[in-house]
Structure formats: structure tokens, C-alpha cells
Number of protein chains: 2
Amino acid sequence: MDIKKLPEGTIERLSKYRRCLTTYCKFYRENIFSHELARNLHLTPEQVRRDMMLIGHSGSHKNGYNIEELVEKISEVIDCRGKTNVAVFGLGNLGQAIVRYLQDKETRLNVEAIFDVNPEKINKPFLSVDCYHIKDLKRIIKEKDIRIAVLTLPGDDAHDMALEIAEAGVTGIMNFTPVPLKLPEGVFLEEYDILTSLEKVAFFAKK
Amino acid sequence: MDIKKLPEGTIERLSKYRRCLTTYCKFYRENIFSHELARNLHLTPEQVRRDMMLIGHSGSHKNGYNIEELVEKISEVIDCRGKTNVAVFGLGNLGQAIVRYLQDKETRLNVEAIFDVNPEKINKPFLSVDCYHIKDLKRIIKEKDIRIAVLTLPGDDAHDMALEIAEAGVTGIMNFTPVPLKLPEGVFLEEYDILTSLEKVAFFAKK
DNA sequence: ATTTACTTGTGTTTTGATTAACAATATGTA
DNA sequence: TACATATTGTTAATCAAAACACAAGTAAAT
Ligand SMILES: NC(=O)c1ccc[n+]([C@@H]2O[C@H](COP(=O)([O-])OP(=O)(O)OC[C@H]3O[C@@H](n4cnc5c(N)ncnc54)[C@H](O)[C@@H]3O)[C@@H](O)[C@H]2O)c1
Ligand SMILES: NC(=O)c1ccc[n+]([C@@H]2O[C@H](COP(=O)([O-])OP(=O)(O)OC[C@H]3O[C@@H](n4cnc5c(N)ncnc54)[C@H](O)[C@@H]3O)[C@@H](O)[C@H]2O)c1
């Protein structure tokens with residue numbers, strides 16, 4: 001199995017399997033069947049088994065998959081290089097929600113820095129994460145070995161900031177601002193916009 | 001063209017085309033080429049043209065697509081039944097960010113109600129949207145003809161609330177809680193989890 | 001022992017979305 | 001007019017993901 005060849009869909013599902021297993025299942029049982037995992041996550045059992053196959057994990061015919069082993073295996077695959085440091089840019093409502101959420105969840109992604117421009121927010125820790133002025137981003141990103149940036153700042157500044165962030169050495173950017181980014185090659189970019197999701201829901205909900 | 005047959009991917013892209021056009025383009029030009037739209041949204045020109053074809057929209061060989069007409073056409077397709085009322089459940093950080101975001105954007109999705117349990121939040125409007133106690137959800141959903149629900153409340157309550165919301169007649173649910181929902185047939189469900197996105201970014205950013 | 005019921009693992013098929021290719025069309029130019 | 005250029009619209013080819021189908025394993029029941 002060439003791990004880098006795994007389809008995006010599989011990676012997303014692996015993340016969901018793991019969360020489902022660590023959150024709901026591991027406390028009250030040892031094993032789980034493909035159809036159970038599938039039902040929880042709105043998938044088919046075949047797809048679950050196919051994903052298992054892709055990461056080279058096997059279960060038992062009688063008991064399905066051992067939850068602990070499976071979580072271990074998924075972690076080997078998706079956290080392959082261990083812990084990854086994340087910074088959040090813009091500590092408004094959305095930024096705060098995200099920092100809190102990431103701290104609550106079991107994950108190897110650690111929010112190690114926050115950036116803002118508001119003097120009231122800078123130099124005070126938020127949920128024990130230090131908040132810096134955005135002008136120091138280059139230095140802090142290097143010092144703290146930040147790999148992933150989450151953009152939750154106003155759209156006006158987003159593009160310029162993103163370019164600086166990329167230049168500082170970040171290799172993955174999650175963009176929540178409504179501004180489509182044009183980044184240099186080599187930076188993995190993911191964008192999410194709730195309006196797109198909601199318009200889709202509205203469309204398919206109309207029958 | 002059977003409008004209900006449009007692939008989910010196309011619907012998502014249509015939403016993005018429209019936002020891109022209304023936000024950035026329509027102020028300073030009349031027409032746009034498929035390759036320009038594509039470059040902005042990280043797509044190929046072929047895909048843009050394919051989407052145009054699917055919704056039965058034509059451009060001109062010399063000038064590409066007329067922006068005003070295209071926006072009009074996209075709106076006919078994705079807002080087919082006009083305005084749709086939305087309610088947000090849970091007015092925490094995430095809920096507030098979403099309400100503000102939806103109000104800022106040009107869209108036919110209107111946030112017409114908010115629900116919470118915190119007495120400090122109830123019966124005060126937030127950004128001029130009324131906030132009700134969650135126990136009144138059935139009545140308010142009917143009165144206000146709410147079609148879409150956005151769940152931004154704590155996970156513990158999410159599943160029970162979702163079932164009640166579905167029963168009250170909502171036909172589309174956007175779930176931001178970390179709890180996977182099991183809903184009755186006929187309710188279109190979309191789930192988003194930033195941790196899945198971030199873990200994906202982290203995975204593909206590692207090279 | 002044999003049967004039954006249930007599961008995983010995986011080759012095969014199907015589906016459907018994306019990419020490639022190119023003909024048709026419009027415009028500008030020599 | 002003939003030619004060069006740039007774009008759309010659409011058919012055909014490609015590709016990948018999902019669904020299907022079933023062999024093979026396992027354990028419990030008979
Ligand atoms: N993609 C989505 O689904 C979605 C949803 C909601 C909001 N948003 C977007 O996310 C962003 C934040 O939304 P919010 O509701 O949290 O807004 P907010 O106004 O509450 O927060 C913005 C924060 O960014 C800080 N800021 C301003 N300029 C900055 C800069 N140059 N560098 C760093 N920080 C800076 C502000 O001080 C503030 O703390 C906005 O761009 C909004 O449009 C996206
Ligand atoms: N999917 C994602 O990417 C993502 C990101 C961040 C947070 N979240 C989730 O979104 C939810 C909200 O996050 P937050 O940071 O805004 O939390 P928060 O604590 O700031 O807000 C929760 C709000 O819900 C209200 N509430 C509590 N019980 C309720 C009930 N039964 N009915 C209605 N309202 C109720 C609370 O009064 C509060 O206002 C949480 O479940 C969190 O895990 C998801």
C-alpha cells in the first residue's frame with residue numbers, strides 16, 4: 001500500500017472512523033462490525049471494508065474489527081509524522097469556537113498559536129494558547145514550527161496574510177474566509193464555506 | 001434538463017460561481033470567461049463549461065458569459081422556490097459567527113429564528129433575529145415556516161433535538177455538532193466537521 | 001459431523017463525474 | 001475574402017469511487 005495514494009475520501013472517512021470509535025465506542029465494547037460503523041456514519045459496509053483493505057487492516061470473521069487495533073492503525077496512517085502544530089488567525093467568534101473545539105477533541109493537531117490585531121486579545125492566552133500580533137507571524141511560525149494555518153480573519157486581509165503565512169513555511173491552509181485564495185504551489189489548500197453547504201441543503205431539501 | 005438530477009458537485013459549484021460573481025466581478029465588468037471563473041475557484045475551464053451546459057446556460061464565443069444573466073440563471077436553479085427560512089440552534093460562538101455570516105452575504109436563505117436555553121440569550125434579538133427557548137421549537141418552526149435547521153448546540157442534546165426538529169417539519173439539517181445523527185427518511189442531512197478537514201489538510205500537507 | 005448464520009476480503013461491474021478533444025462559431029486582420 | 005485567433009458547446013474517452021456479488025472463514029446450533 002502506498003500511503004500517499006489514498007484517495008481524499010478515504011482520508012476523510014478514516015478521520016471519521018477514528019473519532020466515532022474513540023468517542024462513542026471504545027468505552028463499552030471491544031469490537032465493531034463494518035455495518036455498524038457504516039450505519040453510524042451514513043456509509044455502506046462495503047465502503048468501510050474497502051477502506052480497511054486500503055490501509056491494510058484486517059478484522060475477524062466472527063467479531064469484526066478490534067476497536068483498539070483499528071484506532072491504532074488509522075492513527076499510524078493519518079498522523080504518520082506524529083504531532084502537528086496549528087495556528088489560528090483571527091480570534092473572533094469563529095476562531096474561538098474552533099480553538100475550543102480542537103482542544104476538546106482527542107487529536108494530534110495542537111493549536112500552538114493564535115494571531116490577531118486587536119490589542120485586547122493580544123498577549124493574553126485564550127484557553128491557554130498564546131495570542132500574538134499578526135505582524136510577528138513569521139517569527140512565531142518558525143519558532144513554534146507551525147505547519148497548518150486556519151484562517152478566520154476578515155476577508156479584506158485574508159489574501160495578503162495567506163501569502164505571508166505560506167512564505168513563512170506553513171504547508172497547509174484551511175480557509176474559512178469568503179475570499180478564494182491563490183497560493184504558491186506546494187501549499188495544500190482547503191476551503192470551507194457554510195453558505196455553499198446551506199444552499200446545497202436547501203436545494204436538495206426542496207422536493 | 002431535469003433540475004433535480006444535477007450532481008451535488010455541480011450545485012456546490014453553482015453556489016460558488018454565484019458568490020464569486022456577485023462579490024468580486026459584477027462591479028467592474030460585464031462578462032467573464034470560463035477560464036477566469038475556473039482560475040478563481042480552483043477548477044478547470046472544462047468543468048465550468050460543463051456546469052453551464054447542465055443548467056442550460058450559454059455564453060458568447062467572443063465575450064464569454066454575461067455575468068448578470070449567469071447570476072440570474074444560477075439563482076433560478078438553486079433558489080428555485082424563492083426564499084427559504086433557516087433557524088440556528090445554539091447561539092454560542094459558532095452560532096453567532098454563522099448568523100452574522102449569513103446576514104452579511106447576499107443569499108435567499110434568511111435566518112428567521114434562533115433557539116437556545118440560556119435565559120440571558122432568550123427573548124433578546126441577536127443581530128435583529130429573535131431568540132427563543134428551545135422548548136418552543138415546534139410552534140415557532142410552524143409559525144415561521146422554517147425549512148432548514150443549523151445545529152450549533154452541545155453534542156449531548158443534539159440527537160434528541162434533531163429528532164424533534166425533523167418532526168416539526170424541517171426538511172434539511174446542517175449538523176455541526178460532533179454527534180452523527182440518525183434521522184427519519186426525507187430529511188436531507190449534511191454534516192461538517194472541521195477536525196476531519198484539518199486532519200486531511202495535515203495529511204496531504206506532509207510530503 | 002453437518003448445517004446454518006453471519007462475517008470479512010476482494011475481484012468484478014456499474015455508475016457517474018471529470019478530463020480531453022475537437023467541431024462550430026464569432027471576431028479581428030491582412 | 002481568406003486567414004488567424006480565441007472561445008464556447010458537446011461528444012467521446014478516461015478515471016475513480018461505489019456497489020455488487022460471492023468465496024472463504026468462523027462459530028454456534030442441531
Ligand atoms: N466559511 C464559513 O463558513 C464562515 C462562517 C462564518 C464566518 N466566516 C468568516 O470568518 C471570518 C471571521 O468571522 P467571525 O465571525 O469570527 O468574525 P469576527 O469579527 O468575530 O472576528 C474576526 C477577528 O479577526 C481579527 N482580525 C482582524 N484583522 C486581522 C488581521 N489582519 N490579522 C489577524 N486577525 C485579524 C479581529 O480582531 C477579530 O478578532 C470572517 O472572514 C467571516 O466572513 C466564514
Ligand atoms: N463541526 C465543527 O467544525 C465544529 C466546530 C466548532 C464547534 N462545534 C460544535 O458546535 C457546537 C457549539 O460550539 P460553540 O463553540 O458555539 O459552543 P458554545 O458553548 O459557545 O455554544 C453552545 C450554545 O448552545 C446553547 N445550548 C445548550 N443546550 C442547548 C439546547 N438544548 N438547545 C439549544 N441551545 C442550547 C448554549 O446556551 C450556548 O449558547 C458544539 O457542539 C461544538 O462541539 C463544531
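Numbers restart at 1 for each chain; the letters A, B, ... are given by sequence-line order, proteins then strands. Predicted model only: the values in this text are computed from it and were never measured.
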d(Ile98(A) CD1, Phe176(A) CZ) to nearest 0.5 Å is 4.0 Å
Side-chain touch Asp51(A)/Ile55(A), heavy atoms, less than 4.5 angstrom:
no
Side-chain touch Glu36(A)/Arg29(A), heavy atoms, less than 4.5 angstrom
yes
Take the protein atom CG of Leu54(B) and the nucleotide atom C1' of dG16(C), then report the distance between them rounded to whole Å.
12 Å
Working to the nearest 0.5 Å, report the span between CZ of Arg139(A) and NZ of Lys144(A).
10.0 Å
So do the side chains of Met161(B) and Leu151(B) get within less than 4.5 Å of each other, counting heavy atoms only?
no
Check whether any side-chain heavy atom of Met52(A) lies under 4.5 Å from a side-chain heavy atom of Leu70(A), and answer yes or no.
yes
Do Lys16(B) and Glu191(A) meet the salt-bridge criterion of a basic N to acidic O distance under 4.0 Å?
no
So where does chain B start and stop touching DNA chain D, 5' to 3', when the test is distance under 4.0 Å to a non-hydrogen atom?
dT7(D) to dA12(D)
Answer whether the closest heavy-atom distance between the side chains of Gln47(B) and Leu41(B) falls below 4.5 Å.
no
In B/S/- notation (B base, S sugar-phosphate only, - none; protein heavy atoms under 4.0 Å), nucleotides 5-10 of chain C written 5' to 3' is --BBBB
